[in-house]
Amino acid sequence: MDNRFRGIQLTRDAEKKMSVNVAELGLEDLMEGDVVVEVEWTTVNYKDGLAITGKGPVVRRWPMIPGIDCAGTVASSDNPRFKPGDKVILNGFGVGEVHTGAFAAYARLKGDWLIPMPDGMDGRSAMAIGTAGYTAMLSVMALERHGIDPTRGPVVVTGANGGVGTVAIAILGKLGYEVIASTGRPEESEFLKQLGASEIIHRDELSGPAKPLNKERWIGGVDAVGSHTLANVLSMTSYGGAVAACGLAQGMDLPSSVAPFILRGVSLLGIDSVMAPLALREEAWARLVSDLDMAKLDSLSSEIGFDGIVDAAHAIIDGKIRGRVVVNMKQ
Ligand code: NDP
């Protein structure tokens, strides 16, 4: 294990002005935990963008090493579940928010947060999926638990070109769903169709104030956008359908009415990836191995090195990233 290593560190001065620095760190800069992981791959999620740009109150402990996801090799462990050399995945659990995170060569973590790398998955693919893709899988699993299946009608995916959206489209397409993709980037229609979308609609159709009920267009959906978009998705969901709400790219509000719930029996399914229990995570990662086409994952992800993380964090907040960004920490 190297004694000194590089990492991104966020600090705040007395006036609460934040600075982003590439710092030389040691293990003493990492918070407590019973497993030290050598970070080989990580990724830039929307939440990492909020942390690094300071656009959202993601970081709640200073100084902080951001980065909510990593894949790597156990360097040392006091946890009976893990030994040096084991390959592991970490998503969420407040890492990069309240616990020093993934944008450094090493991360000290709690073994209870780690998932052994599933057979059929490697670190690069796991981080091309990342929290965004694993959240897409949690959303699909929630729809299935509600009894939604491809025979019941089309499903809508909002924020289609984003990390959650692209992975959700690829999974739902592979499972045989007719997928309607809502996007503000119609120039990416061909890409979305290759991923698995059957129809593309402009996000403007869903971004204004919603009527309590509207024409039934889909049996369910995965919504990464929130606000008016989620209200419109609900108002257009067919009788007995369900919508998995996982994001807030348009806003945190939900200007809706109870009409879809009490007149059409529609259900709103809340999705949280951060504190999801281990059993649900392991199920989601196993499903990602079987239900996500790895060639499609390659087509929706791009690779950068450590030096590209800060620029990618700004780009994701500006809505300029298509799909997923995977970070090769050895580059
Ligand atoms: P991305 O930035 O990759 O994608 C978000 C997409 O939303 C954009 O690509 C864009 O798609 C669309 N979008 C952006 N701004 C607006 C807007 N003003 N109105 C309508 N659509 C908009 O982010 P992710 O996919 O990684 O994450 C999506 C959301 O999910 C975020 O809010 C994130 O915080 C949340 N999230 C929640 C998790 C949970 O545990 N619940 C876990 C992971 C993410 P297009 O260009 O196609 O229109």
Side-chain angles (χ1 to χ4, degrees), residues 43-53 55-58 68-69 91-97 127-142 156-171 179-193 195 197 200-208 210 221-233 243-255 268-277 280-281 284 300-302 312-326:
T43 175
V44 180
N45 286 283
Y46 192 85
K47 197 179 253 181
D48 302 313
L50 290 174
I52 287 180
T53 60
K55 290 259 164 69
V58 167
I68 68 169
D69 279 332
N91 306 115
F93 277 122
V95 173
E97 302 182 57
M127 288 299 102
I129 294 167
T131 281
Y134 139 72
T135 300
M137 190 74 243
L138 290 177
S139 301
V140 172
M141 285 160 50
V156 66
V157 174
T158 64
N161 272 296
V164 173
T166 47
V167 178
I169 291 169
I171 296 168
V179 181
I180 301 173
S182 164
T183 182
R185 289 182 266 178
E187 65 277 14
E188 299 289 356
S189 295
E190 203 41 50
F191 164 70
L192 295 174
K193 284 189 175 163
L195 277 185
I200 314 297
I201 61 172
H202 199 285
R203 77 184 191 199
D204 289 352
E205 283 188 44
L206 304 176
S207 61
V222 175
D223 177 64
V225 172
S227 191
H228 294 296
T229 301
L230 176 54
N232 275 296
V233 166
V243 178
C246 63
L248 44 63
Q250 185 182 14
M252 198 144 186
D253 57 334
L254 178 53
L268 182 55
L269 312 174
I271 306 299
D272 168 57
S273 65
V274 180
M275 300 309 290
L280 195 61
R281 287 168 187 261
L300 65 81
S301 51
S302 53
H314 285 270
I316 199 167
I317 295 304
D318 293 341
K320 291 192 179 135
I321 301 270
R322 185 183 84 171
R324 302 273 307 128
V325 175
V326 56

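A quick note: this is a predicted structure, and the numbers were derived from the prediction, not measured. Atoms within each ligand, like the ligands themselves, are counted from 1 in listed order.
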Q: Look at the side chain of Asp69 and the backbone N and O of Thr131, then say whether any donor-acceptor pair between them is shorter than 3.5 Å.
A: yes

Q: Could you verify whether a donor N or O on one side chain and an acceptor N or O on the other, from Arg324 and Thr43, lie under 3.5 Å apart?
A: yes

Q | Pi-cation contact, Phe93 with Arg281 (under 6.0 Å, within 45°) | A | yes

Q: Of all the heavy-atom pairs spanning Glu97 and Val274, show the shortest one and how long it is.
A: OE2-CG1, 4.3 Å

**Q.** Exercise: identify the closest heavy-atom pair between Asn232 and Leu206
**A.** ND2-O, 2.8 Å

Show every donor-acceptor pair shorter than 3.5 Å between a side-chain atom in residues 246-255 and any protein atom, with sequence neighbours excluded, or say none if there are none.
from	atom 1	to	atom 2	distance (Å)
Gln250	OE1	Thr229	N	3.0
Gln250	OE1	Thr229	OG1	2.6
Gln250	NE2	Ser207	O	3.1
Asp253	OD1	Ser227	OG	2.7
Asp253	OD2	Ser227	OG	3.4

(Q) I'd like the residue list for ligand 1, meaning every protein residue with a non-hydrogen atom under 4.0 Å from the ligand. (A) Tyr46, Thr131, Ala132, Thr135, Gly159, Ala160, Asn161, Gly162, Gly163, Val164, Thr183, Gly184, Arg185, Arg203, Ala224, Val225, Cys246, Gly247, Leu248, Ala249, Gln250, Ile271, Asp272, Ser273, Ile316

